[in-house]
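Since we're looking at a predicted model, the values are computed, not measured. All heavy atoms count here, side chains included; hydrogens, waters and symmetry mates do not.
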Amino acid sequence: MSRFAHVIEQSDPMLFAVAVLIAVVGATTSIRLFHRTLSTFGSQRAGWQFLAGITLGTSAWCTAFIGRAAVDAHGLPFDPQVAFYALALAVAASGLGLILAASRRIPLAPELGGLGLGLGAAASQMIGAGQGLHGLLPPASAAEAASLTAAVAAAVIGLSAAARLRPPKAFILGAVALVVSMIVFQFRSLGAPPAAAAGLAPEHVSIVVVVVAMAAVLVIGAGLATVVIDGRHRSETIRELRRLTLCDPLTGLSNRAAFNERIAADLVAADAAGDMLAVVCVDLDHFKEINDLRGHAAGDAALRKVGERLAAVTDAGAFAARIGGDEFMLLKRYRDPAMLAVFLDRLGATLAAPEVIDGFETSLAASVGVARFPLDGRDGETLVANADLAMYRAKASGRRRHCFYETRMDEAVRARRRLAGDLRTALDRSQFELRYQVQAAVSTSDVKGYEVLLRWRHPQLGYVPPSEFIPIAEETGLILPIGEWVLRRACAEAAKWQKPHRIAVNLSPVQFAHFDLPRLVHQVLLDTGLAPERLELEITESAIIADTGRALHILRQIKALGVTIAMDDFGTGYSSLETLRSFPFDKIKLDRSFMSEIGTSPQSRAIIRAVLSLGRSLSIPVLAEGVETEEQFDFLKTEGCDEAQGFLLGRPVPLEELFISVPNPEGAKIMRLSDYLRSGTAGQTRGG
């Protein structure tokens, strides 16, 4: 009768099942412990290797011992000392094999580790089965040789799969191979000749088996518990890291990455359910003012408040995320447009409520743009872009709380992009022209200088208003070469004038932010030969408040060249007095908006008087812009304004058509240059 038939016929089914169970649980736990060694280093890796070796060696020895008891329960030879040697050899072989298999420096390390593991386990089981060194005798038959070879090969396959495959394949194939190896080893060990050691009495066999099984349970259980605890800890850590990765730390809302995941999922769900999805873009209207006036801490507090309010309006069908800065995105699934209208009204009312931040009442009102699936787009990128366009339309419209995307918005964007493309070649094709607008003394109407204004003559569109192309030039960075051209051209032309009139050149905030501005101004003055005192640079307050310290340093460098500095659009900012206190400007330019309301607004007249009084107290001349009527000019003259500029005194014209304010026998304050030259007083004043 063959050995396999003997095992099947003589085995105790219960004990054999216990042996197989220990093999399965032990192999599975060992493979998981081994896999942890592959992703750790140092002492942590050594700890995992130690635990994996003990678990695998113990489970292999216990499997062999209980399997032997299942077959030879009535004559099981047992020598405690030899059994201990066999167990120690099994643990040592398992540990060394796993260490070798995890090596990253040795070629075929997993296979070599499996080979060492298999041979060591074979030696351990043969010693234990034979209860002496004669258990190591070579195979007595081809069947024994085949079983030994199969067991070692299974060990090699098990560690190779565990090391080279990804979970769960690594766990499944590795554990199955090791279980096969443990069981096949039993057929080899069961054929060992009986040992001299006395066999256990039948009544003691069950006790020893129970003790061995309990030891196996304790060892394997410890390893299994470690795997479970570590896996749970890793899962919690991964969940927490994912939460942090997808969460905005300031507001507690989701971030851009989470929004991208959510919109993709919501689009699929809405399409499957036949729902509609609104993508809502929210941008705070006065956030920059909060930052500039109250500081970044107040700005952060405002963003947190907005986050709380958006979280309050999101229900089961809505989602809110902070995309960046003061921009937020919301998603709202709906079936009836009335549901969306109610949601948007609630959103607007929630954001419109004032908030006390840093002891001051602050508005958190926002501009809201809405794009709808599938009406305004079928993919997330298109919907977000369209919602953004609608938001900017809402911001431009002023008082509208929200704006829906419309197709013509795309047309406006395309037109703007075409204009930006044409602007890139305008300088090379000489499409820019300079215009000069006179600045005259109010008391005498004498010409004091000219403001230099830029005009773009587009080959197809004609003259493009500066209000359209200057913002594009600032956004694209083209304002830097264009601004340099304006400065250089104006200085070169003014240097040729017979009369040393001043020229005033506007500086964009983008130009002013450029670190090389003082050097550029100095180089232009040297190249053109214009006296520095004839150049006046006009700076808006918005160019200063972004970084006051740096801005004032640049202004001092420019002023040290002898160039004068004027504050443009005075009265429209919110920290003008502080700016005047920080830097001694050479001139204040009163914004044109006050002049248009002189006849109807007592407040405007009062503000003009206050600014003129402020200028006199600081010894800073004041120039009023936008003077278009005799009434406005007479008011400025009565109140003691220093200089004026506007259509009444002269429109922006090319150099050869300058308007000049001169004494005129007929009583008019304005004459064309050609008329002035014919008047017989040309020797008194010359504009260019």
Side-chain angles (χ1 to χ4, degrees), residues 288-289 292-294 360 437-451 502 504-507 509 512 533 535-549 551-556 558-560 562-629 631-646 648-649 661:
K288 188 176 186 302
E289 295 181 12
D292 293 336
L293 285 175
R294 309 299 176 201
F360 295 89
Q437 187 171 31
V438 66
Q439 296 175 337
V442 174
S443 59
T444 64
S445 295
D446 290 337
V447 174
K448 293 296 183 181
Y450 301 91
E451 180 176 6
R502 176 190 65 238
V505 179
N506 289 280
L507 286 182
F512 191 70
E533 62 271 14
L535 176 61
E536 180 176 275
L537 298 179
E538 297 184 359
I539 311 292
T540 60
E541 190 181 0
S542 60
I544 299 174
I545 61 176
D547 189 345
T548 305
L552 296 180
H553 176 67
I554 292 176
L555 289 178
R556 292 187 182 98
I558 295 175
K559 194 167 183 178
V563 176
T564 58
I565 306 293
M567 178 186 281
D568 198 10
D569 299 335
F570 184 83
T572 59
Y574 40 80
S575 58
S576 300
L577 296 179
E578 173 62 23
T579 307
L580 285 178
R581 186 190 67 81
S582 302
F583 183 81
F585 286 88
D586 299 294
K587 183 185 292 183
I588 295 172
K589 295 192 71 175
L590 186 62
D591 188 69
R592 66 180 67 248
S593 61
F594 298 106
M595 300 307 302
S596 62
E597 299 178 354
I598 280 182
T600 59
S601 174
Q603 290 82 3
S604 293
R605 293 194 294 270
I607 291 175
I608 293 173
R609 292 189 183 101
V611 173
L612 295 176
S613 177
L614 176 65
R616 285 191 292 270
S617 64
L618 296 176
S619 300
I620 302 178
V622 177
L623 182 149
E625 296 182 289
V627 181
E628 300 181 358
T629 66
E631 178 187 6
Q632 295 170 350
F633 188 87
D634 292 339
F635 175 81
L636 294 175
K637 190 171 184 178
T638 301
E639 297 299 331
C641 184
D642 300 284
E643 297 179 19
Q645 174 183 344
L648 178 69
L649 304 175
S661 175

Participant: Mind jotting down which residue pairs meet the side-chain hydrogen bond (donor to acceptor under 3.5 Å, both in side chains) criterion with at least one end in residues 611-624? Sequence neighbours excluded, please.
Facilitator: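 Checked against side-chain hydrogen bond (donor to acceptor under 3.5 Å, both in side chains) - neighbours excluded - no pair reaches residues 611-624.
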Participant: Considering only NZ, NE, NH1 and NH2 on the basic side and carboxylate oxygens on the acidic side, decide whether Asp586 and Lys559 come within less than 4.0 Å.
Facilitator: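 The answer is yes: the pair qualifies as a salt bridge.
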Participant: Would the number of heavy atoms belonging to other residues, nucleotides or ligands and lying under 6.0 Å from NZ of Lys448 be above 12?
Facilitator: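 Counting neighbours around NZ of Lys448, 12 or fewer heavy atoms of other residues, nucleotides or ligands fall under 6.0 Å, so no.
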Participant: Using 0.5 Å steps for rounding, measure from the CD1 atom of Ile554 to the CD1 atom of Ile565.
Facilitator: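 If we round to the nearest 0.5 Å, Ile554:CD1 and Ile565:CD1 are 10.5 Å apart.
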Participant: Could you work out, with side-chain hydrogen bond (donor to acceptor under 3.5 Å, both in side chains) as the rule, every residue matching Glu538, not counting sequence neighbours?
Facilitator: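 Per chain and number, Glu538 pairs via side-chain hydrogen bond (donor to acceptor under 3.5 Å, both in side chains) with Lys589.
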Participant: Run the side chain to side chain contact (heavy atoms under 4.5 Å, CB included) check on Met595 and Glu628 step by step: do they pass?
Facilitator: CA-CA 8 Å; Met595 300 307 302; Glu628 300 181 358; over 6 Å; no
Participant: Can Gln645 and Gln439 be said to form a side chain to side chain donor-acceptor pair (under 3.5 Å), step by step?
Facilitator: CA-CA 5 Å; Gln645 174 183 344; Gln439 296 175 337; 2.9 Å; yes
Participant: Under the side chain to side chain contact (heavy atoms under 4.5 Å, CB included) criterion, do Ile608 and Leu636 qualify, and how do the steps go?
Facilitator: CA-CA 9 Å; Ile608 293 173; Leu636 294 175; 4.3 Å; yes
Participant: Quick one: which residue pairs count as a salt bridge (charged side-chain N to carboxylate O under 4.0 Å, His left out) with a foot in residues 593-608, not counting sequence neighbours?
Facilitator: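 Sorted result for residues 593-608: empty, none.
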Participant: If I compare all heavy atoms of Cys641 with all of Val442, which pair ends up nearest, and what's the gap?
Facilitator: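 Of all heavy-atom pairs spanning Cys641 and Val442, the closest is O-CB, 3.4 Å.
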Participant: Could you check whether Gln603 and Ser601, counting side-chain N and O atoms only, form a donor-acceptor pair closer than 3.5 Å?
Facilitator: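 Yes, a side-chain donor-acceptor pair sits under 3.5 Å.
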Participant: For the residue pair Asp642 and Pro621, what are the closest heavy atoms and their distance?
Facilitator: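 That would be OD2-CA, 3.4 Å.
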Participant: One pair to check against side chain to side chain contact (heavy atoms under 4.5 Å, CB included): Phe594 and Gln632. What are the steps and the verdict?
Facilitator: CA-CA 10 Å; Phe594 298 106; Gln632 295 170 350; over 6 Å; no
Participant: Rounded to the nearest 0.5 Å, how far apart are NZ of Lys637 and OG1 of Thr444?
Facilitator: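 It comes to 8.5 Å.
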Participant: What is the distance from atom CG of Leu612 to atom CG of Leu590, rounded to the nearest 0.5 Å?
Facilitator: 7.0 Å
Participant: Please report the interatomic distance CD1(Ile558) to NE2(His553), rounded to the nearest 0.5 Å.
Facilitator: 10.5 Å
Participant: Between Thr540 and Pro509, which heavy-atom pair has the shortest distance, and what is it?
Facilitator: OG1-CG, 4.1 Å
Participant: Which distance, rounded to the nearest 0.5 Å, do you find between the CD of Glu625 and the OG of Ser596?
Facilitator: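 So the CD of Glu625 and the OG of Ser596 are separated by 12.0 Å.
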Participant: Let me confirm one number: the CG-CG distance from Asp568 to Asp591, rounded to the nearest 0.5 Å.
Facilitator: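 Separation between the atoms: 8.0 Å.
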Participant: Taking the side chain as C-beta and beyond, is there a heavy-atom pair between Phe585 and Leu555 under 4.5 Å?
Facilitator: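 Yes, at least one pair of side-chain atoms sits under 4.5 Å.
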Participant: Starting from the C-alpha separation in whole Å, work towards a yes-or-no answer on side chain to side chain contact (heavy atoms under 4.5 Å, CB included) for Leu649 and Gln437.
Facilitator: CA-CA 8 Å; Leu649 304 175; Gln437 187 171 31; over 6 Å; no
